[in-house]
Amino acid sequence: MAETAKKAVPEAEELPKAIVRRVVKDKLSRCSEDGDISIHKDALLAFSESARIFIHYLSATANDICKESKRQIINAEDVFEALKETEFSEFIPSLKASLEEFRMKNAGKRAAAAVSKEKENETKKKRKMETESSEKGEEGESQ
């Protein structure tokens, strides 16, 4: 058996181990009085694979809902409907709250970026005007 063993899951589909570990440890530490939780490597792999499979299942269901509506882009409502269809509707309220929080943060970032961009444009205009006026001044002196 000189062949190298192929991974069962393509690397592009793997969830980042550090993030999975952080999520699992955070949740378990909230549930435990101990606070210090150790997770075996196999358990971490099981959590990661379970999450990956759940994402595939949920995304396929959301995609079907989207196609039934004769659309090509899955939106948040499709995901919420997929959660209902897969009997995970208890997650919907907290997910909607997280989505709203994300949108609020994003709106704030966009507004801040727009203000920053506007200030930058004003600064560029001032510099350009100053440069043009100084160039005109130099032309007047040389004549």
Side-chain angles (χ1 to χ4, degrees), residues 1-140:
M1 291 199 167
E3 286 183 40
T4 58
K6 289 186 178 181
K7 283 187 170 185
V9 178
E11 192 172 316
E13 289 186 11
E14 285 183 13
L15 297 175
K17 290 179 180 90
I19 293 173
V20 173
R21 178 182 294 111
R22 188 178 329 130
V23 169
V24 171
K25 280 191 153 198
D26 181 54
K27 185 61 180 174
L28 292 178
S29 67
R30 289 187 209 167
C31 298
S32 170
E33 296 172 12
D34 213 2
D36 188 28
I37 304 290
S38 295
I39 305 166
H40 193 275
K41 186 176 164 182
D42 290 343
L44 196 58
L45 179 62
F47 277 119
S48 182
E49 278 300 293
S50 298
R52 187 186 65 76
I53 290 167
F54 179 74
I55 291 169
H56 276 255
Y57 182 51
L58 188 62
S59 60
T61 305
N63 188 48
D64 291 344
I65 291 166
C66 182
K67 284 183 178 181
E68 287 171 7
S69 300
K70 296 181 172 53
R71 290 181 287 110
Q72 293 182 342
I73 298 174
I74 297 171
N75 60 38
E77 290 304 317
D78 296 328
V79 176
F80 298 143
E81 189 60 35
L83 284 166
K84 284 180 196 172
E85 281 190 23
T86 57
E87 299 180 14
F88 287 102
S89 57
E90 67 270 14
F91 294 129
I92 295 172
S94 63
L95 287 172
K96 283 187 176 182
S98 294
L99 180 61
E100 188 59 32
E101 183 181 326
F102 173 78
R103 286 178 175 164
M104 295 298 271
K105 282 181 183 176
N106 226 14
K109 286 179 183 177
R110 275 194 226 132
V115 168
S116 175
K117 183 82 170 173
E118 191 174 311
K119 285 182 180 179
E120 185 180 311
N121 287 340
E122 287 176 15
T123 305
K124 284 181 181 178
K125 284 180 185 176
K126 285 180 184 177
R127 286 182 186 156
K128 185 176 180 183
M129 291 173 78
E130 289 171 358
T131 304
E132 287 175 352
S133 65
S134 68
E135 286 174 358
K136 286 181 182 176
E138 289 173 6
E139 286 176 8

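Positions are given from 1 along the sequence.
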statement: Residue set satisfying salt bridge (charged side-chain N to carboxylate O under 4.0 Å, His left out) with K27, at least two apart, ordered chain then number -> none
- prompt: Between atom CD of E77 and atom OG of S69, what is the distance when rounded to the nearest 0.5 Å?
  reply: 11.0 Å
message: So, using side chain to side chain contact (heavy atoms under 4.5 Å, CB included) as the criterion, who are the partners of T61 when residues are at least two apart?
response: Y57, I65, A82, E85, T86
Pairing residues for D64 by the side chain to side chain contact (heavy atoms under 4.5 Å, CB included) criterion, not counting sequence neighbours: none
- line: Tightest non-hydrogen contact, residues I74 and S59, listed as CD1-O, 4.1 Å
- line: Here the pair of heavy atoms bringing L15 nearest to R52 is CD1-N, 3.9 Å
message: Restricting to salt bridge (charged side-chain N to carboxylate O under 4.0 Å, His left out), what partner residues turn up for D26, sequence neighbours left out?
response: R30
Nearest-0.5 Å distance, CD of residue E49 to CD of residue E14: 7.5 Å
Just list the side-chain donor-acceptor pairs under 3.5 Å for residues 90-103, sequence neighbours left out, or say none.
from	atom 1	to	atom 2	distance (Å)
S94	OG	F91	O	3.1
S98	OG	S94	O	3.1

message: Quick check: closest heavy atoms across I39 and K25, and the distance to 0.1 Å?
response: CD1-CG, 3.4 Å
query: For R71, which residues count as a salt bridge (charged side-chain N to carboxylate O under 4.0 Å, His left out) partner, sequence neighbours excluded?
result: D78
task: Look up atom CG in D42 and atom CZ in F47, then write down how far apart they are to the nearest 0.5 Å.
output: 12.0 Å
